[in-house]
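Each chain gets a letter, A, B and so on, in the order the sequences are listed, and its residues count up from 1.
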Protein chains: 2
Amino acid sequence: MTGSSAGDLPPPPYRAGEKPRRSLGREAIAREALRIIDAEGIDAVSMRRVAAAFDTGPASLYAHVKNKEALLRLAFDLALEELEPVPVAADDWQAVMLRWSLGVHEMLQRHNDIAKLTFAHIPSGEAMLESTERVLGLMIGAGVPPQVAAWSLDILSLYIGADAYEGWLFGQQFGTDDPVEAEAFFGGIKDYFASLPADRFPYIVGNVAALMEGGGEERFRFGLDMFIAGIASTITR
Amino acid sequence: MTGSSAGDLPPPPYRAGEKPRRSLGREAIAREALRIIDAEGIDAVSMRRVAAAFDTGPASLYAHVKNKEALLRLAFDLALEELEPVPVAADDWQAVMLRWSLGVHEMLQRHNDIAKLTFAHIPSGEAMLESTERVLGLMIGAGVPPQVAAWSLDILSLYIGADAYEGWLFGQQFGTDDPVEAEAFFGGIKDYFASLPADRFPYIVGNVAALMEGGGEERFRFGLDMFIAGIASTITR
DNA sequence: CGTCATTACGAACACTGTTCGATACGGAGC
DNA sequence: GCTCCGTATCGAACAGTGTTCGTAATGACG
């Protein structure tokens with residue numbers, strides 16, 4: 001792994017004023033937070049819990065991190081760094097965009113409910129900036145109007161994060177590891193839909209299967225494909 | 001300690017003289033929670049706060065509501081009820097869908113950060129069921145494959161909720177009422193983008209305006225239009 | 001040596017959601 | 001009239017939370 005605190009780039013706005021003090025502090029703390037997120041989820045991250053990993057109290061963290069919110073953002077940035085960079089020489093922007101989206105989605109799923117931190121995150125961190133730059137360039141180069149390209153990137157990020165978060169919430173409702181209970185949960189919803197009066201809700205009752213099937217990766221892929229196709233349709237030639 | 005009967009302490013604190021006992025019922029509690037959400041946001045809703053509106057303690061609520069989570073869901077369902085029903089006689093499904101989406105979006109924005117409760121909510125409540133039934137019927141009737149229609153409704157709901165939530169978060173970052181601070185916030189991001197090395201990030205630096213402009217209603221409408229057009233393109237004839 | 005900013009951290013504050021146990025009350029049965 | 005019971009009420013407390021304060025230790029610089 002390269003130097004983790006490479007500093008060619010200006011620091012993101014929320015880090016303005018923080019000192020790049022050399023101490024085993026900030027990065028180690030953020031990494032511990034990410035570890036807890038992976039193992040037990042965001043709600044398990046508390047200042048006391050993180051501090052306990054260093055055999056100290058919560059007050060010790062505030063010398064390195066302004067907030068709990070800042071700590072979580074740091075942990076999120078850490079997770080962002082493990083995204084594969086978008087290949088430089090690629091030219092098929094639709095394939096690149098699809099692949100990049102799936103990569104982000106997978107990364108979010110790898111880190112438990114970290115998708116919750118996705119919202120309202122201005123892209124920051126080198127990896128994210130480079131991906132944005134590359135995909136933006138590919139789209140504009142292919143003839144997508146810049147405004148459309150910019151908005152599309154926003155919406156795409158929103159969609160990826162929201163789907164990953166919803167997916168986690170769904171997996172939370174039943175034990176993901178217990179297929180029996182999972183079936184009971186899904187079966188319950190299914191039965192509820194099916195039990196509706198068919199004269200008032202004919203389409204719901206008649207399409208219970210379609211409403212329930214493929215709620216996971218398949219649906220995500222469908223939305224992705226349709227969205228990318230929509231972007232492509234804005235190219236005027 | 002048995003000291004409770006040490007002296008003649010006859011006055012029952014709450015029942016003294018008059019009966020301030022409000023009709024503490026489930027609906028009243030949920031309505032108060034929604035009122036607090038509207039006024040100060042979800043994080044301001046605490047059991048003590050809600051209970052205080054009825055001049056009592058938090059324990060009193062648990063006779064009517066299982067959880068704080070259940071309380072919030074009740075409040076959310078209350079907000080859902082104020083959605084206008086989808087007109088029965090409509091036939092242009094794209095117009096209906098657009099109008100319905102905008103209506104939901106507006107409702108979410110009316111209720112502060114209530115969009116946070118959108119995720120992983122299986123459509124429940126009569127209003128939501130009827131909307132689902134109607135829009136589903138319109139799409140399928142127009143030739144949209146049932147699976148596409150079902151997925152589209154899911155994704156559409158996800159998009160509406162996520163955009164509303166992100167919009168609230170953005171409005172939270174700066175005081176919505178203080179345009180000076182707002183400008184400072186946006187200016188900060190803008191400057192950060194603009195300060196990136198132009199040789200490494202030419203497209204970001206060259207499209208700062210497009211990346212920042214119209215982050216609100218305009219972008220939401222754009223995504224909506226594109227998504228609906230995408231659904232329409234799946235109709236085979 | 002002293003100076004001084006940075007880091008460490010015990011203690012405390014003001015909260016949070018939730019549970020327990022003891023009350024009070026409205027009706028049903030006698 | 002009366003007891004009896006299930007429900008409603010709610011003070012008190014528990015185990016947490018994020019954060020601040022004051023103080024002690026640390027280490028670089030002159």
K.L.:
To the nearest Å, how far apart are Tyr62(A) OH and dA12(C) P?
P.N.:
18 Å
K.L.:
Sequence neighbours excluded, which residues qualify as salt bridge (Lys or Arg N to Asp or Glu O under 4.0 Å) partners of Glu133(B)?
P.N.:
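Listed in chain order: nothing, the list is empty.
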K.L.:
Residues in ring pair (Phe, Tyr, Trp, His ring centres under 6.0 Å) with Tyr165(B), at least two apart?
P.N.:
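Partners of Tyr165(B) by the ring pair (Phe, Tyr, Trp, His ring centres under 6.0 Å) criterion, ordered by chain and then number, come out as Phe119(A).
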K.L.:
N/O contacts under 3.5 Å, protein versus nucleotides 14-16 of chain D?
P.N.:
none

K.L.:
For the pair Asp113(A) (side chain) and Ile42(A) (backbone), establish whether a donor and an acceptor sit closer than 3.5 Å, ignoring hydrogens and angles.
P.N.:
yes
K.L.:
At 4.0 Å (heavy atoms only), tell me whether Val45(A) reaches a base, stays on the sugar-phosphate, or touches nothing.
P.N.:
sugar-phosphate
K.L.:
OP1 or OP2 of dA8(C) versus the side-chain N and O atoms of Ser60(A): is any pair under 4.0 Å?
P.N.:
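False: Ser60(A) side-chain N/O out of range (4.0 Å or more) of dA8(C) OP1/OP2.
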K.L.:
Side-chain donor-acceptor pairs under 3.5 Å in residues 48-60 of chain A, sequence neighbours left out?
P.N.:
| residue | atom | partner | partner atom | Å |
| --- | --- | --- | --- | --- |
| Arg49(A) | NH2 | Glu40(A) | OE1 | 3.3 |
| Arg49(A) | NH2 | Glu40(A) | OE2 | 2.1 |
| Thr56(A) | OG1 | Ser60(A) | OG | 2.6 |
| Ser60(A) | OG | Gly57(A) | O | 3.4 |

K.L.:
Using 4.0 Å as the upper bound for N to carboxylate O, is an ion pair formed by Glu27(B) and Arg31(B)?
P.N.:
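Yes, this pair counts.
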K.L.:
Of the options dG17(C), dT9(D), dC9(C), whose atoms approach the side-chain atoms of Met47(B) most closely?
P.N.:
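Ranking dG17(C), dT9(D), dC9(C) by closest atom to the Met47(B) side chain puts dG17(C) first.
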K.L.:
If I take atom NZ in residue Lys68(A) and atom P in nucleotide dT16(C), what distance separates them, rounded to the nearest angstrom?
P.N.:
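After rounding, the reported distance stands at 16 Å.
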K.L.:
Does anything in residues 190-199 of chain B form a salt bridge (Lys or Arg N to Asp or Glu O under 4.0 Å)? List the pairs, not counting sequence neighbours.
P.N.:
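Only Lys190(B)-Glu213(B) qualify under salt bridge (Lys or Arg N to Asp or Glu O under 4.0 Å).
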K.L.:
Yes or no on salt bridge (Lys or Arg N to Asp or Glu O under 4.0 Å) for Arg35(A) and Glu32(A), after CA distance, side-chain angles and deciding distance?
P.N.:
CA-CA 5 Å; Arg35(A) 205 192 56 78; Glu32(A) 172 63 17; 3.0 Å; yes
K.L.:
Only counting residues at least two apart or in another chain, list the ones meeting ring pair (Phe, Tyr, Trp, His ring centres under 6.0 Å) with Phe227(A).
P.N.:
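Counting only residues at least two positions away or on another chain, Phe227(A) forms no ring pair (Phe, Tyr, Trp, His ring centres under 6.0 Å).
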K.L.:
Take the C1' atoms of the five end pairs on each side of the helix from dC1(C)-dG30(D) to dC30(C)-dG1(D), derive the two axes, and give their angle rounded to 10 degrees.
P.N.:
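Inter-axis angle at the termini of the helix from dC1(C)-dG30(D) to dC30(C)-dG1(D): 10°.
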K.L.:
Mapping Thr56(B) and Asp43(A) onto DNA chain D by nearest heavy atom, which one lands closer to the 5' end?
P.N.:
Thr56(B)
K.L.:
Compare the minimum distances between each of dG17(C), dC20(C), dT19(D) and the side chain of Ala59(B), then state the nucleotide with the smallest one.
P.N.:
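Nearest to the side-chain atoms of Ala59(B), counting from C-beta on, is dC20(C).
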K.L.:
Atom pairs, N/O to N/O, protein against nucleotides 22-24 of chain D, distance under 3.5 Å?
P.N.:
none

K.L.:
Rounded to the nearest angstrom, tell me the gap between atom NE2 in His64(B) and atom P in dT7(D).
P.N.:
13 Å
K.L.:
Hey, is the side chain of Asn67(A) poking within less than 4.0 Å of OP1 or OP2 on dG18(D), counting only N and O atoms?
P.N.:
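No, Asn67(A) has no side-chain N/O under 4.0 Å of OP1/OP2 on dG18(D).
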K.L.:
Find the distance Leu61(B):CG to dT19(C):C1' and express it as a whole number of Å.
P.N.:
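Going from CG in Leu61(B) over to C1' in dT19(C) covers 14 Å.
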K.L.:
For Ile29(A) and dT7(C), give me the distance from atom CD1 to atom P, rounded to whole Å.
P.N.:
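Value for this atom pair: 11 Å.
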K.L.:
With sequence neighbours left out, what residues match Tyr203(B) under ring pair (Phe, Tyr, Trp, His ring centres under 6.0 Å)?
P.N.:
none
K.L.:
Take atom CG of Asp55(A) and atom P of dT7(C), then tell me their distance rounded to the nearest Å.
P.N.:
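About 20 Å, once rounded to whole Å.
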K.L.:
With sequence neighbours left out, what residues match Glu82(A) under salt bridge (Lys or Arg N to Asp or Glu O under 4.0 Å)?
P.N.:
Arg110(A)
K.L.:
Could you list the residues that satisfy salt bridge (Lys or Arg N to Asp or Glu O under 4.0 Å) with Glu84(B), not counting sequence neighbours?
P.N.:
none
K.L.:
Who are the ring pair (Phe, Tyr, Trp, His ring centres under 6.0 Å) partners of His64(B), not counting sequence neighbours?
P.N.:
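By the ring pair (Phe, Tyr, Trp, His ring centres under 6.0 Å) rule, His64(B) matches no residue at all.
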